[in-house]
Number of protein chains: 2
Amino acid sequence: MTGGGLRVMPPKAEMTGSECVSPTHVHCGCREKAIHSAEQVCNQCGVRFTPIRREVLKIIWESHRAVKAHDLLDRIKPKVGTAKPATDYRALDFLLEQGLIHRVESLNAFIGCSCSERQHEQLLLICIRCHEVEERPCERLMEAIAKELEQASFTMQRKAIEIHGICGRCA
Amino acid sequence: MTGGGLRVMPPKAEMTGSECVSPTHVHCGCREKAIHSAEQVCNQCGVRFTPIRREVLKIIWESHRAVKAHDLLDRIKPKVGTAKPATDYRALDFLLEQGLIHRVESLNAFIGCSCSERQHEQLLLICIRCHEVEERPCERLMEAIAKELEQASFTMQRKAIEIHGICGRCA
DNA sequence: TCATGATTGTTACTTTATAACATAGCTCTC
DNA sequence: GAGAGCTATGTTATAAAGTAACAATCATGA
């Protein structure tokens, strides 16, 4: 979900079903948007959005579920015959660095980043039924965390805030 | 740290240095307290605190750093010659279930739980210099999260809140 | 065109984790 | 105390996640 907002249900004809792996994933143009945005980001930063990196990002955006390394490898092989673990992890490292994907620590998996600005604070809601991951902003949360860190004399460098549970649609 | 509070520096004679793996770990009786508490918890719940489970918990409490599976296996082998991965993971699963340890998702590692009550809300502060992990209560934080979850119509089942950075002593 | 750095190919390996079935040990009941 | 039933551990095998090291290739600018 590019904005984390309402999910509009388009008629089936608009869906690119063949590419959509998640049964609950309604194709809303988010993937195309993400790829396009990634192109711009890479151009701006003077880094190369190579075919492999593009393919990996596309696969990750095929659903709103977190993609595991093994699945990713299986799914990239038809497109990049030479793909091996290192191929994937390099592309993933690149995409993480550019802020184009997030790592879901509690799943050892990866999801596309739907932030409008890169590297912003986020909270991940992981549904244990449909396995979709929703990324939400958490400015208020970060205020509370900042207070706690101050008390603890702790300087934050990176964080993972991941909630597992039942999403609204599955409830 | 049993209470997350001040760390009292005892004279060296009081330290059981031979058992303390972490160079920065000041032995404060926390391990003995943890083992004793674990005994009580297991008795109350009618579950068995077997020698293997006790050894695993002891090893985890040898420092305030998170222990990785591989290290744990290396360190348990001298004590339990037959130890294999399954041995460890079974003991870890047990200790997790009883709330005696936490899993640090962003490290794929485990630390002793220093909560006075089991299963309470906590926040993990992970120092990237000394690698010690401090567990802190986060009731206020949970209020902010609850609000966010309500907005998202999300029902929480479990969570991981992990902050990486520099602790006060290392700063 | 050639040098340079970035990217990808390739091989090998480490670390993390689980599944499945066999064996041993505890505990309760008869 | 025998034996049934459950829990815990032993054992083997394998899946999944991740990294290191070096070779080959490609893009780009001097």
Side-chain angles (χ1 to χ4, degrees), chain A residues 38-39 41-43 45-60 65-98 100-111 131 160 162, chain B residues 38-39 41-43 45-60 65-98 100-111 131 160 162:
Chain A
E39 256 161 19
V41 163
C42 291
N43 273 337
C45 298
V47 293
R48 285 163 57 198
F49 195 46
T50 64
I52 288 179
R53 291 166 177 175
R54 177 188 298 263
E55 280 307 323
V56 169
L57 190 59
K58 272 173 77 177
I59 288 168
I60 287 173
R65 295 174 174 180
V67 175
K68 310 214 96 196
H70 186 80
D71 282 345
L72 179 58
L73 190 54
D74 284 348
R75 282 151 75 184
I76 194 118
K77 269 181 181 164
K79 298 175 179 179
V80 182
T82 54
K84 303 229 164 20
T87 319
D88 276 3
Y89 285 107
R90 281 172 187 153
L92 290 169
D93 282 348
F94 172 86
L95 296 171
L96 283 168
E97 257 171 39
Q98 304 306 318
L100 298 168
I101 61 173
H102 294 298
R103 198 187 132 80
V104 186
E105 301 288 356
S106 53
L107 294 177
N108 291 341
F110 304 85
I111 51 158
H131 300 108
E162 301 175 3
Chain B
E39 257 162 17
V41 163
C42 291
N43 274 336
C45 298
V47 293
R48 286 161 59 196
F49 194 46
T50 63
I52 288 178
R53 290 166 179 177
R54 177 187 299 262
E55 280 308 325
V56 169
L57 190 59
K58 272 172 77 177
I59 289 168
I60 288 175
R65 294 174 175 181
V67 175
K68 309 214 98 197
H70 186 80
D71 282 346
L72 180 58
L73 191 54
D74 284 348
R75 284 151 74 185
I76 194 118
K77 269 181 180 162
K79 299 176 178 177
V80 183
T82 54
K84 304 230 163 22
T87 318
D88 276 3
Y89 285 107
R90 280 170 188 156
L92 290 169
D93 281 347
F94 172 86
L95 296 170
L96 284 168
E97 257 170 40
Q98 304 306 317
L100 298 168
I101 61 173
H102 294 298
R103 199 187 134 79
V104 186
E105 301 288 355
S106 52
L107 295 177
N108 290 340
F110 303 86
I111 50 158
H131 300 108
E162 301 176 4

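- From A:R53, atom CZ reaches atom CG of A:D93 across 10.0 Å, with rounding to the nearest 0.5 Å.
- A:D93 has its CG atom 15 Å from the P atom of D:dA17, to the nearest Å.
- In this structure, B:T50 does not reach the D:dT7 phosphate: none of its side-chain N or O atoms is under 4.0 Å from OP1 or OP2.
- Remark: B:K68 is not in phosphate contact with C:dT15, judged by side-chain N or O atoms under 4.0 Å from OP1 or OP2.
- Of all nucleotides listed (C:dA19, C:dA17, C:dT7), C:dA17 comes nearest to the side chain of B:F110.
- To the nearest 0.5 angstrom, B:R103 atom CZ is 9.5 Å from B:L92 atom CG.
- Following rounding to the nearest Å, B:R103 (CZ) and C:dT18 (P) show an atom-to-atom distance of 8 Å.
- Between B:N108 and B:F94, the residue whose closest nucleotide on DNA chain D is further toward the 5' end is B:F94.
- For A:P85, taking side-chain heavy atoms from C-beta onward, the closest of the listed nucleotides C:dT18, D:dG18, C:dT16 is D:dG18.
- Nearest to the side chain of B:T87, among D:dG18, D:dG10, C:dA17, sits D:dG10.
- A:F49 places its CZ atom 15 Å from the C1' atom of C:dT7, with the value rounded to the nearest Å.
- Close to C:dT7, at under 4.0 Å from its OP1 or OP2, lies a side-chain N or O of A:R53.
- Put simply, CG on A:D88 is 13 Å from C1' on C:dG9, counting in whole angstrom units.
- At whole-Å resolution of the value, CG in A:D74 and P in D:dA17 are 10 Å apart.
- With D:dG10, D:dA27, D:dT11 as the candidates, the nucleotide lying closest to the side chain of B:I52 is D:dG10.
- Following rounding to the nearest Å, A:K84 (NZ) and C:dT7 (P) show an atom-to-atom distance of 20 Å.
- C:dT10 atom C1' lies 14 Å from atom CG of A:L73, rounded to whole Å.
- For the OP1/OP2 pair of D:dG10 and a distance below 4.0 Å, the side-chain nitrogens and oxygens of B:T82 include at least one atom meeting the criterion.
- Here B:R90 does not reach the OP1 or OP2 of C:dA19: none of its side-chain N or O atoms lies under 4.0 Å away.
- Between the P atom of C:dC13 and the NE2 atom of B:H70 lies a distance of 15 Å, rounded to the nearest Å.
- If you take CD1 on B:I52 and NZ on B:K79, they are separated by 13.0 Å, rounding to the nearest 0.5 Å.
- A:R48 comes within 4.0 angstrom of sugar-phosphate atoms only, judged by non-hydrogen atoms across all strands, and of no base.
- When each of C:dT16, D:dT12, D:dA17 is scored by its nearest atom to the side-chain atoms of B:Y89, the top-ranked nucleotide is C:dT16.
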Test log, rule side chain to side chain contact (heavy atoms under 4.5 Å, CB included), inputs B:L57 and B:F49: CA-CA 10 Å; B:L57 190 59; B:F49 194 46; 3.9 Å; yes
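- Interatomic distance, NZ of A:K58 versus CD1 of A:I76, reported as 10.0 Å (0.5 Å rounding).
- By the 4.0 Å N-to-carboxylate-O rule, B:E39 lies close enough to B:R54 to be salt-bridged with it.
- Mapping A:L107 and B:A86 onto DNA chain D by nearest heavy atom places B:A86 closer to the 5' end of the strand.
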